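Protein chains get the first letters and strands the later ones, always in sequence-line order, with residue 1 at the start of each. All values reported here derive from a predicted model rather than from experimental measurement.
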Number of protein chains: 2
Amino acid sequence: MDADKVFKALGDPTRRRLLDLLCEKNGQTLGQLCENLDMARQSATQHLDLLEAANLVNTVKRGREKLHFINPVPLHDIYERWVRKFERQRLSLLHDLKQELEGGDQ
Amino acid sequence: MDADKVFKALGDPTRRRLLDLLCEKNGQTLGQLCENLDMARQSATQHLDLLEAANLVNTVKRGREKLHFINPVPLHDIYERWVRKFERQRLSLLHDLKQELEGGDQ
DNA sequence: TTGACATGCAGGTATTTACCTGCATATTAT
DNA sequence: ATAATATGCAGGTAAATACCTGCATGTCAA
């Protein structure tokens with residue numbers, strides 16, 4: 001998993017909207033997705049390319065159409081690497097903060 | 001939670017490194033964090049400002065020092081909004097894909 | 001086969017980003 | 001008080017980003 005590509009892909013409202021659109025109806029074509037976006041088709045393509053590079057979306061060509069499918073694996077990897085780690089320390093971090101505010105270096 | 005700020009904050013290796021550094025030892029000063037970064041202090045400040053704007057880091061001033069603490073709440077929100085949703089549909093998505101590959105429009 | 005349709009590809013531009021240098025301010029220690 | 005220390009603030013630049021327009025290619029249907 002390339003955390004940089006995944007986070008950067010997620011760091012844009014258009015691309016998050018694309019993921020939501022695919023979550024509502026998986027396997028949509030480029031044209032279908034564009035109908036919901038209010039930008040040129042070519043711009044949407046660039047966003048989808050980034051989602052694909054981050055492996056968040058997989059595509060299949062069917063005739064002259066290109067179908068788009070969500071791949072949830074990178075999101076799960078993000079969870080394992082960047083959420084669980086900090087969740088685990090949640091209480092102890094709050095404890096540290098409280099201690100600092102009370103003068104942690106005594 | 002501002003998903004845009006959070007994902008953009010996470011979409012940079014320097015800022016993810018800062019979070020890891022704070023995970024190892026919470027409550028570090030700007031100077032301490034800079035020692036591990038290989039860039040000008042002012043650049044690190046800008047990264048920390050973005051982490052703070054995303055509410056991923058909270059700060060406390062103690063004398064002339066500024067202490068930095070991780071706030072795991074936005075990460076948890078990300079999980080709720082962007083991971084669980086897709087995790088839940090994982091199997092059904094794979095099912096959709098398989099069906100498409102076999103000729104979904106029959 | 002020919003026209004309509006879905007997508008691919010090649011630039012071009014304005015904005016944002018990630019760094020930098022230089023200087024100012026505030027706190028601590030001698 | 002003065003010097004050292006920790007951070008804040010104000011630009012300045014090169015690269016990345018998010019759009020766009022125009023044209024090319026490939027597929028389907030009449």
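Rounded to whole Å, the distance from CD on E65(A) to P on dA29(D) is 10 Å. In this entry the distance linking CD of E52(B) with P of dT7(D) reads 13 Å, nearest Å. Whole-Å rounding puts the D12(A) CG to dT17(C) P distance at 11 Å. Between the P atom of dA6(D) and the CG atom of L67(B) lies a distance of 13 Å, rounded to the nearest Å. R16(A) has its CZ atom 11 Å from the P atom of dA18(D), to the nearest Å. Here dT7(C) presents its P atom at 10 Å from CD of E35(A), a figure rounded to the nearest Å. Computed from coordinates, the Q28(B) CD to dA6(D) C1' distance equals 15 Å when rounded to whole Å.
Here dT27(C) is the nucleotide among dT7(D), dT27(C), dA6(C) with the atom lying nearest to any side-chain atom of R64(B).
Using a 4.0 Å cutoff on non-hydrogen atoms, the parts of residues 37-50 of chain B near DNA chain D are R41(B), Q42(B), ordered by number.
In terms of position on DNA chain C, the residue among H68(A) and K8(A) whose nearest nucleotide sits closer to the 5' end is H68(A). Looking at which nucleotide of DNA chain D each of T14(A) and L30(B) is closest to, the 5′-most match is held by L30(B).
Taking D2(B) as the reference, nothing meets the salt bridge (Lys or Arg N to Asp or Glu O under 4.0 Å) condition, with sequence neighbours excluded. Judged as a side-chain contact (heavy atoms from CB on, under 4.5 Å), and not counting sequence neighbours, R64(A) has no contacts.
A salt bridge is defined here as a Lys NZ or Arg NE, NH1 or NH2 lying under 4.0 Å from an Asp or Glu carboxylate O, and K8(A) with D4(A) meets this definition.
Side-chain N/O atoms of R15(A) include one lying less than 4.0 angstrom from OP1 or OP2 on dA18(D). Between K66(A) and dG8(C) there is a side-chain N or O to OP1 or OP2 distance below 4.0 Å.
Remark: of the listed residues L51(A), L50(A), I70(A), L51(A) is the sole one forming a side-chain contact (heavy atoms from CB on, under 4.5 Å) with L18(A).
N36(A) and Q32(A) make their closest contact through ND2-O, 3.3 Å (heavy atoms, listed as atom of the first residue, atom of the second, distance). Minimum heavy-atom separation, L75(B) to W82(A): CD1-O, 3.3 Å.
Proximity of L22(A) to L33(A): side-chain heavy atoms (C-beta onward) are separated by under 4.5 Å at one or more points.
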